[in-house]
Amino acid sequence: MKSAFERLYNGIIKENPTFVLMLGMCPTLAVTTSAFNGLGMGLSTMVVLALSNLLISALRKVIPDKVRIPAYIVIVASLVTVVGLLMEAYLPGMYASLGIYIDLIVVNCIILGRAESFASKNKMWPSLFDGIGMGLGFTLALTLIGMVREFFGSASIFGLTGPKVYGTTVPILLVELVNKVFNPASSSGVVRGLNEFFAGEFGSFSPIGILVMAPGAFFVLAILTAIQNAIKAAGEAKGKDMSKIQSGCSSDCLHCAESGCAKRLVEPEKVTKKADDETTKVVESKETENNGKGEE
Amino acid sequence: MNGNYFVNLLIIAISSSLVSNVVLSQFLGLCPFLGVSKKVKTASGMGAAVIFVITLSSLVAGLIYKFILTPLHITYLKTIVFILIIAALVQFVELFLKKFVKPLYEALGVYLPLITTNCAVLGVAINNVNLGYDILTGVVNGFATAAGFALSIIILAGIREKMEYNDIPKPFRGMPIVLVTAGLMAIAFCGFTGLI
């Protein structure tokens with residue numbers, strides 16, 4: 001039981017797939033226009049991830065090493081099909097709003113990443129809980145990002161919206177806070193004043209529509225990675241080991257080949273080495289050109 | 001086949017290459033978009049390889065869907081079938097080019113293995129089927145989508161080459177500034193919305 005909790009904690013906090021490992025960014029950016037979409041996408045990914053981890057771990061001694069990746073893909077794709085069909089039948093509205101991204105769970109880095117790095121080496125129960133933990137971490141992250149984008153972008157949370165959400169929700173929260181701290185009877189004047197102040201201050205705000213549109217997704221992710229960079233730099237300055245924090249496909253895709261995405265179907269060393277050779281060749285040829293020019 | 005059909009093809013081509021650009025508004029193929037866009041030269045190589053593979057895979061996926069999956073009433077297996085087709089196709093194309101078209105292999109070879117995991121390839125194949133496109137429309141859609149990808153990755157690489165000499169706040173160095181750039185590009189591409 002202890003190991004199960006450890007796996008859950010690992011997936012949700014320590015190796016959160018979105019905030020720490022930065023895997024599976026395509027769906028993260030695409031579906032987080034609202035908290036509800038984020039939640040739906042996260043949960044369907046979690047179901048696929050938990051079951052695929054379980055199945056792959058159960059079959060790990062049967063699957064020959066050389067064809068393991070295609071075998072994993074077939075397992076994952078079957079599960080995705082099952083989840084997609086169930087969702088289409090019972091949650092048609094959500095299926096329509098998530099659309100193609102449900103099918104694209106197949107190519108989500110997280111799933112094959114966990115299959116390769118955990119499920120293929122561990123027993124069934126830890127693998128199942130690893131899948132659930134990672135899935136919960138992913139769900140949590142998508143829901144949080146969705147909430148932020150939805151709150152600022154379309155002035156609602158989980159679809160709950162008032163005509164002046166900033167003008168009403170913010171003061172109501174504050175009023176409750178003030179009421180808890182002060183004596184409610186004596187603070188009514190303060191409360192009324194605060195309420196009027198916020199209605200005037202925030203009531204005139206209109207939502208920042210761009211946040212729920214495509215460019216907003218890039219900006220949100222940019223801020224996230226900037227925060228990550230800052231935390232990593234601060235941790236390294238203190239001498240902590242921050243190598244866990246990686247920016248997925250960020251530094252360049254050759255790195256991505258090692259960490260997640262491309263590792264799944266090709267030998268990473270081969271690709272990286274080839275691509276490295278290619279870049280050095282390009283650089284060298286440029287240098288020689290420059291030298292030639294200099295001599296002239 | 002009448003005039004309307006071709007007008008429709010043109011509209012689909014413009015729509016999927018510019019208006020709903022595959023990376024900047026659908027977020028498919030983000031990995032190579034961010035990863036291989038450091039230099040214009042490598043970016044254009046990647047772009048060419050993606051155009052090649054997506055056009056070919058939309059053709060093959062369209063044929064298999066129409067002549068194998070539909071007659072057998074197993075269209076619900078499309079995700080499984082398509083991902084396997086694409087993985088096999090990329091390997092096959094790599095071998096074929098290596099053996100018979102050496103210059104093309106040397107230009108695209110490095111990028112081909114990376115493309116298998118590009119979700120844009122699977123995305124286009126599934127989109128073609130979901131939207132009920134026939135095979136020619138599907139191929140045009142695939143080509144246009146890939147061309148949109150190539151366009152945006154080359155533009156981004158151009159900007160990044162210039163940006164190398166800029167003084168960027170420390171936490172924003174590396175990926176964050178690239179994402180901000182991509183966001184600004186996405187705003188620019190929003191301008192195409194009125195086109196159709």
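Below, read A as the first sequence line, B as the second, and so on, with proteins coming before strands; counting in each chain starts at 1.
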Open item on the list: With a sphere of 6.0 Å drawn around CZ of B:Phe143, does it hold more than 12 non-hydrogen atoms of other residues, nucleotides or ligands?
Closed with: no

Task: Check against side chain to side chain contact (heavy atoms under 4.5 Å, CB included), A:Tyr101 and B:Gln26 - done: CA-CA 10 Å; A:Tyr101 298 100; B:Gln26 298 190 58; 3.9 Å; yes

Task: A:Val82 vs B:Tyr76 side-chain heavy atoms within contact, under 4.5 Å - done: no

Show me, pair by pair, the donor-acceptor contacts under 3.5 angstrom made by side chains of residues 170-183 of chain B, not counting sequence neighbours?
{"unit_1": "B:Arg173", "atom_1": "NE", "unit_2": "B:Ile168", "atom_2": "O", "d": "3.0"}
{"unit_1": "B:Arg173", "atom_1": "NH2", "unit_2": "B:Ile168", "atom_2": "O", "d": "3.2"}
{"unit_1": "B:Thr181", "atom_1": "OG1", "unit_2": "B:Ile177", "atom_2": "O", "d": "2.6"}

[atom1]-[atom2] distance between [X] and [Y], expressed to the nearest 0.5 angstrom:
| X | Y | atom1 | atom2 | answer |
| --- | --- | --- | --- | --- |
| A:Asp103 | B:Ile126 | CG | CD1 | 4.0 Å |
| A:Leu104 | B:Leu122 | CG | CG | 5.5 Å |
| A:Phe218 | B:Leu34 | CZ | CG | 7.0 Å |
| B:Ile80 | A:Thr81 | CD1 | OG1 | 4.0 Å |
| B:Cys190 | A:Ile210 | SG | CD1 | 6.5 Å |

TODO: Using non-hydrogen atoms and a 4.5 Å limit, figure out which bit of B:Leu84 sits close to chain A: side chain, backbone, both or neither.
DONE: side chain

Task: Winner by heavy-atom pair count (cut-off under 4.5 Å) against chain A, out of B:Ala188, B:Gly45, B:Ala186 - done: B:Ala186

Return a table of donor-acceptor pairs under 3.5 angstrom between the side chains of residues 19-31 of chain A and protein atoms on other chains or two or more places apart.
{"unit_1": "A:Thr28", "atom_1": "OG1", "unit_2": "A:Gly24", "atom_2": "O", "d": "2.7"}

Task: Heavy-atom closest pair, residues B:Cys119 and A:Val107 - done: CB-CG2, 3.4 Å

Open item on the list: Please classify the contact of A:Ser78 with chain B as side chain, backbone, both or neither, using a heavy-atom distance under 4.5 Å.
Closed with: both

Open item on the list: So which residue, A:Ile227, A:Val74, A:Leu221, ends up with the most heavy-atom pairs under 4.5 Å with chain B?
Closed with: A:Leu221

- [ ] Find the one option among A:Ala230, A:Ala77, A:Ala222 whose heavy-atom pairs under 4.5 Å with chain B are most numerous.
- [x] A:Ala222

